[in-house]
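Just follow the structure's listing: the first ligand is 1, and inside any ligand the first atom is 1.
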Amino acid sequence: MRVSVEEKHQVVTSDWKQTLPVLTGRCVRLRELRVSDAPTLFSMLTTREVSRFISPPPTTVDGFERFIEWTHRERAEGRHVCFAVVPEGMDSAIGIFQLRQLEPTFTTAEWGFAIGAPYWGTGVFMDAARLVVEFALETVGVHRLEARAAVANGRGNGALAKIGAVREAVLRQSFLRHGEYLDQALWSIVKDDWRQTKAVWGSIIH
Ligand SMILES: CC(C)(COP(=O)(O)OP(=O)(O)OC[C@H]1O[C@@H](n2cnc3c(N)ncnc32)[C@H](O)[C@@H]1OP(=O)(O)O)[C@@H](O)C(=O)NCCC(=O)NCCS
């Protein structure tokens, strides 16, 4: 069946510094984090497989609550956006997508993401990622969206390639994790690339 992306992906524009809009995809909803998301985020994002290649997540439920409150303050200041990933039929967050400005106008930004391992390979990533990229480029005003992924992080790099990001460089020994300096790949999406990718998705998704 051919399905128009425009029909299925709903991106709502709002004053995101006041409160984040709810973005609705085919199988996920993205919304502002709630302090009540802390227990599920703690159980989903602190496992070894999820946290292996990312900055260390909080180590307690309280720590996640403080992180969530911090994201609200950063959003209000217009520096940072953090969406909760909520699969269809659920109420709690099973992952997050973050977007942070790399300079004060937010035209260059960096994104990062983590999803609970039970949801890997389910389509949740792609659905959420499309919504976040669209939100960044069309609502926040980002022109260039960067991501860094440890070279050894197969799924992270595979996911970025799949969303249409371009691998630009290797940042040697740029990330200290578990006492070891890791090389990272630098990926980017620029607005013109995205328009072309969307044109392809607009004709068919599968
Ligand atoms: C990154 C993350 C959000 C991606 O979500 P996901 O559901 O695993 O992603 P998907 O399965 O949709 O896509 C990953 C792709 O990488 C591919 N892949 C998996 N292992 C791979 C490897 N070792 N080398 C290359 N590609 C690999 C998968 O086959 C898949 O591509 P396909 O759908 O064409 O088969 C999730 O894996 C995660 O939360 N990881 C832990 C946190 C993290 O590393 N975040 C990224 C920081 S940049």
Side-chain angles (χ1 to χ4, degrees), residues 5 8-9 23 25-31 33 37-38 40-59 63-64 67 71 80-90 92-100 102 108-136 142 144-178 180-189 197 200-201 204-206:
V5 172
K8 287 288 186 181
H9 284 77
L23 309 182
R26 283 179 296 140
C27 62
V28 294
R29 233 168 355 104
L30 302 183
R31 60 158 171 75
L33 281 169
D37 291 319
T40 51
L41 287 181
F42 171 73
S43 67
M44 290 284 161
L45 304 186
T46 57
T47 62
R48 191 179 138 62
E49 56 192 337
V50 173
S51 62
R52 186 168 167 208
F53 293 118
I54 58 176
S55 301
T59 52
F64 270 93
F67 166 74
T71 67
H80 179 269
V81 168
C82 188
F83 279 108
V85 179
V86 183
E88 194 169 30
M90 289 182 61
S92 316
I94 57 86
I96 57 171
F97 275 70
Q98 293 180 274
L99 185 65
R100 74 177 176 99
L102 290 178
T108 310
E110 181 177 5
W111 65 323
F113 32 78
I115 290 173
Y119 297 89
W120 291 5
T122 62
V124 161
F125 168 77
M126 278 298 276
D127 200 23
R130 285 173 179 159
L131 290 167
V132 171
V133 175
E134 186 77 6
F135 177 78
V142 174
R144 174 184 159 88
L145 184 58
E146 297 183 358
R148 285 158 179 73
V151 168
N153 182 354
R155 291 204 87 87
N157 287 287
L160 284 159
K162 207 163 64 161
I163 192 73
V166 173
R167 187 174 145 137
E168 292 185 338
V170 172
L171 309 173
R172 294 183 307 146
Q173 300 188 15
S174 53
F175 182 47
L176 180 61
R177 190 72 178 109
H178 302 301
E180 190 189 354
Y181 283 102
L182 302 178
D183 292 350
Q184 290 179 298
L186 174 66
W187 295 82
S188 74
I189 295 173
T197 309
V200 175
W201 288 343
I204 187 165
I205 54 175
H206 50 85

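Side-chain contact between L145 and L99 is present, with at least one heavy-atom pair separated by less than 4.5 Å. Counting heavy atoms from C-beta on, the side chains of R100 and C82 never come closer than 4.5 Å. Residues R26 and M126 are not in side-chain contact: their nearest non-hydrogen atoms beyond the backbone lie 4.5 Å or more apart. With a 4.5 Å cut-off on side-chain heavy atoms, L45 and F64 count as touching. Side-chain contact check for L41 versus F67: every heavy-atom pair is 4.5 Å or farther apart. Side chains of R31 and D37 form a contact here, defined as non-hydrogen atoms less than 4.5 Å apart.
For atom 44 (O) of ligand 1, the closest non-hydrogen atom on the protein side is N153 ND2, 2.7 Å. Ranking the protein heavy atoms by distance from atom 16 (O) of ligand 1 puts G158 CA, 3.3 Å first. With respect to atom 48 (S) of ligand 1, the closest heavy atom belonging to the protein is R148 O, 3.4 Å. Atom 24 (N) of ligand 1 has its closest protein heavy atom at G154 CA, 3.7 Å. Ranking the protein heavy atoms by distance from atom 37 (O) of ligand 1 puts W120 CE2, 3.5 Å first. Nearest protein heavy-atom neighbour of atom 46 (C) of ligand 1: F113 O, 3.5 Å. Regarding atom 5 (O) of ligand 1, its nearest protein heavy-atom neighbour is F125 CB, 3.4 Å. Of the protein's heavy atoms, V50 O, 3.3 Å lies nearest to atom 41 (C) of ligand 1.
Using cut-offs of 30° and 60° on the angle between ring planes, the pair F97 and F113 is tilted.
When heavy-atom distances to ligand 1 are checked against a 4.0 Å cut-off, F53 has no atom that comes that close, whether in backbone or side chain.
Residue contacts with ligand 1: G112 is excluded, as none of its non-hydrogen atoms falls under 4.0 Å.
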Side chain to side chain contact (heavy atoms under 4.5 Å, CB included) between R155 and F125, worked out: CA-CA 11 Å; R155 291 204 87 87; F125 168 77; over 6 Å; no

Verdict with supporting geometry, W111 and L160, side chain to side chain contact (heavy atoms under 4.5 Å, CB included): CA-CA 11 Å; W111 65 323; L160 284 159; 4.0 Å; yes

Check against side chain to side chain contact (heavy atoms under 4.5 Å, CB included), V28 and F83: CA-CA 11 Å; V28 294; F83 279 108; over 6 Å; no

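Distance check on atom 10 (P) of ligand 1: some protein heavy atom falls below the 4.0 Å cut-off. Protein heavy atoms all stay at least 4.0 Å away from atom 35 (O) of ligand 1.
If you check each of M126, Q184, R155, K162 against atom 12 (O) of ligand 1, the one with the closest non-hydrogen atom is K162.
Heavy-atom proximity to A149, at under 4.0 Å, picks out these atoms of ligand 1: 48 (S). The distance from ligand 1 to the heavy atoms of G121 drops below 4.0 Å at these ligand atoms: 6 (P), 7 (O), 11 (O). Atoms of ligand 1 found under 4.0 Å from any heavy atom of I54, numbered from 1 in the order shown, are 42 (C), 43 (C), 44 (O), 45 (N), 47 (C).
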